[in-house]
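Values below: every heavy atom of this structure, side chains too, minus hydrogens, waters and symmetry copies. Counting starts at 1 for both ligands and their atoms, following the listed order.
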Amino acid sequence: MQIEEAIQTRRAVKAYDASFQLSRDEKDELLQLALLAPSAFNLQHVRFVEVSDPELRAQIREVGWNQAQMTDASMLVVVCAQVDSWEKNVRRVWEGAPNEVQDYMAGAIDNYYRGKPQVQRDEAMRSCALMAQTLMLAARGKGLDSCPMDGFDFDAVAKLINLPDNHVIAMMVAVGKRAAEPKPRIGKLPFEEVIIRDRF
Ligand SMILES: Cc1cc2nc3c(=O)[nH]c(=O)nc-3n(C[C@H](O)[C@H](O)[C@H](O)COP(=O)(O)O)c2cc1C
């Protein structure tokens with residue numbers, strides 16, 4: 001499928017064929033593609049928790065507004081991020097670059113994040129959003145469907161997946177085969193309202 005068609009036909013699909021299963025390799029291929037999304041300073045904040053345990057899926061659904069996607073889609077991913085990547089992983093993610101580049105990046109990153117908890121969190125969320133969207137488009141490119149979700153109790157899900165203190169959850173993404181056609185797109189705001197030329 002061409003990228004344009006994948007973008008046009010991606011919908012937030014709610015009803016999944018629960019009998020359809022992706023293999024571990026197929027899931028991993030999608031996750032590998034998603035990980036090619038950009039991340040701020042190449043920090044790769046994102047951690048994907050791929051939930052395959054049916055019991056855990058059911059528990060997540062209980063704290064997730066009883067959304068059927070959470071149990072019925074073939075793949076459920078909790079998109080998380082390590083908020084202190086800026087402090088912990090700089091040398092690792094710039095390994096291979098010339099030493100002067102590594103030193104420059106280490107300084108720039110420290111300057112950008114240190115003492116700025118909101119920036120640290122915002123950056124993690126931005127990177128999560130791009131990876132989530134890349135996952136959804138990768139899925140669509142293979143004829144699959146997806147749904148991004150933030151309709152759940154974040155604290156309860158954090159407990160269920162043993163989220164470490166230095167991580168946050170951005171959203172979940174369900175991926176699978178649609179069981180019903182999504183309703184036609186509605187309520188799109190006018191192009192002229194949402195596209196601003198040069199300045200507000
Ligand atoms: C951050 C975010 C959270 C969302 N949470 C949910 C959710 O919990 N459940 C759901 O069914 N759809 C959820 N959606 C999907 C939106 O409702 C959907 O993308 C929007 O209505 C537009 O429909 P479309 O994606 O099919 O074009 C979410 C979307 C985003 C971006």
Side-chain angles (χ1 to χ4, degrees), residues 1-18 20 22 30-31 33-35 37-40 45-52 54 56-83 118-161 163 167-195:
M1 192 186 294
Q2 293 297 312
I3 188 73
E4 193 174 330
E5 187 186 350
I7 292 168
Q8 280 169 345
T9 60
R10 182 218 55 81
R11 298 297 312 282
V13 168
K14 327 277 178 182
Y16 289 88
D17 175 354
F20 174 80
L22 290 164
L30 291 172
L31 295 168
L33 287 169
L35 291 172
S39 70
H45 310 77
V46 176
R47 300 292 177 267
F48 286 135
V49 180
E50 196 258 304
V51 184
S52 54
L56 184 53
R57 291 268 207 114
Q59 290 171 319
I60 288 175
R61 180 169 169 174
E62 272 174 35
V63 297
W65 303 1
N66 194 30
Q67 298 199 64
Q69 306 91 300
M70 293 172 178
T71 50
D72 295 355
S74 179
M75 177 157 81
L76 181 70
V77 179
V78 187
V79 182
C80 308
Q82 185 183 334
V83 180
Q118 172 144 8
V119 173
Q120 294 166 21
R121 190 182 161 89
D122 287 352
E123 289 279 273
M125 292 293 172
R126 283 191 266 270
S127 296
C128 281
L130 288 166
M131 293 229 174
Q133 179 69 353
T134 305
L135 175 61
M136 292 189 284
L137 290 179
R140 190 66 206 126
K142 292 185 180 296
L144 297 165
D145 293 292
S146 64
C147 188
M149 291 175 284
D150 64 8
F152 56 89
D153 179 333
F154 278 63
D155 292 337
V157 171
K159 254 191 210 132
L160 286 169
I161 63 168
L163 188 80
H167 287 57
V168 287
I169 296 175
M171 70 185 89
M172 290 187 203
V173 176
V175 176
K177 185 175 164 198
R178 68 177 68 174
E181 291 305 307
K183 299 201 173 71
R185 279 201 164 97
I186 46 136
K188 280 284 175 205
L189 296 176
F191 183 81
E192 295 69 28
E193 182 179 337
V194 296
I195 304 301

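For atom 2 (C) of ligand 1, the closest non-hydrogen atom on the protein side is D150 OD2, 4.1 Å. R185 NE, 3.3 Å is the protein heavy atom nearest to atom 27 (O) of ligand 1. Summary of contacts: the protein heavy atom closest to atom 9 (N) of ligand 1 is Q67 OE1, 2.7 Å. Protein heavy atom closest to atom 11 (O) of ligand 1, with residue, atom name and distance, is K14 NZ, 2.7 Å. Nearest protein heavy-atom contact of atom 6 (C) of ligand 1 is P148 O, 3.1 Å.
Distance check for atom 18 (C) of ligand 1: a protein heavy atom is found below 4.0 Å. Distance check for atom 21 (O) of ligand 1: every protein heavy atom is found at 4.0 Å or beyond.
Note: I3 CD1 to Q8 CD = 11.0 Å, rounded to the nearest 0.5 Å. Here L76 contributes atom CG and R61 contributes atom CZ; the two are 11.5 Å apart, rounded to the nearest 0.5 Å.
The atoms of ligand 1 that sit less than 4.0 Å from any heavy atom of R11 are 24 (P), 26 (O), 27 (O). When each atom of ligand 1 is checked for a heavy atom of C147 under 4.0 Å away, the hits are 10 (C), 11 (O), 12 (N). Residue R10 has at least one heavy-atom neighbour below 4.0 Å for each of these atoms of ligand 1: 24 (P), 25 (O), 27 (O).
For the pair T71 (side chain) and A68 (backbone), a donor-acceptor distance under 3.5 Å is present. Side chain of R57 to main chain of A73: a donor-acceptor pair is present (N/O by atom type, distance under 3.5 Å, no hydrogens or angles). With hydrogens and angles disregarded, no donor-acceptor distance shorter than 3.5 Å links the side chain of Q82 to the backbone of V46. R11 contributes a side-chain N or O that, together with a main-chain N or O of K183, makes up a donor-acceptor pair within less than 3.5 Å. Using a distance-only test at 3.5 Å, with no hydrogens or angles considered, no donor-acceptor pair links the side chain of D145 to the main chain of K177. Formation of a donor-acceptor pair under 3.5 Å by the S146 side chain with backbone atoms of V175 is not found in this model.
Residue A12 has at least one N or O atom closer than 3.5 Å to an N or O atom of ligand 1. Distances between N or O atoms of G151 and those of ligand 1 include at least one value under 3.5 Å.
With hydrogens and angles left out, the side-chain atoms of R140 and T9 include a donor and acceptor closer than 3.5 Å.
Between P182 and ligand 1 there is no heavy-atom distance shorter than 4.0 Å. A heavy-atom separation below 4.0 Å is found between Q69 and ligand 1.
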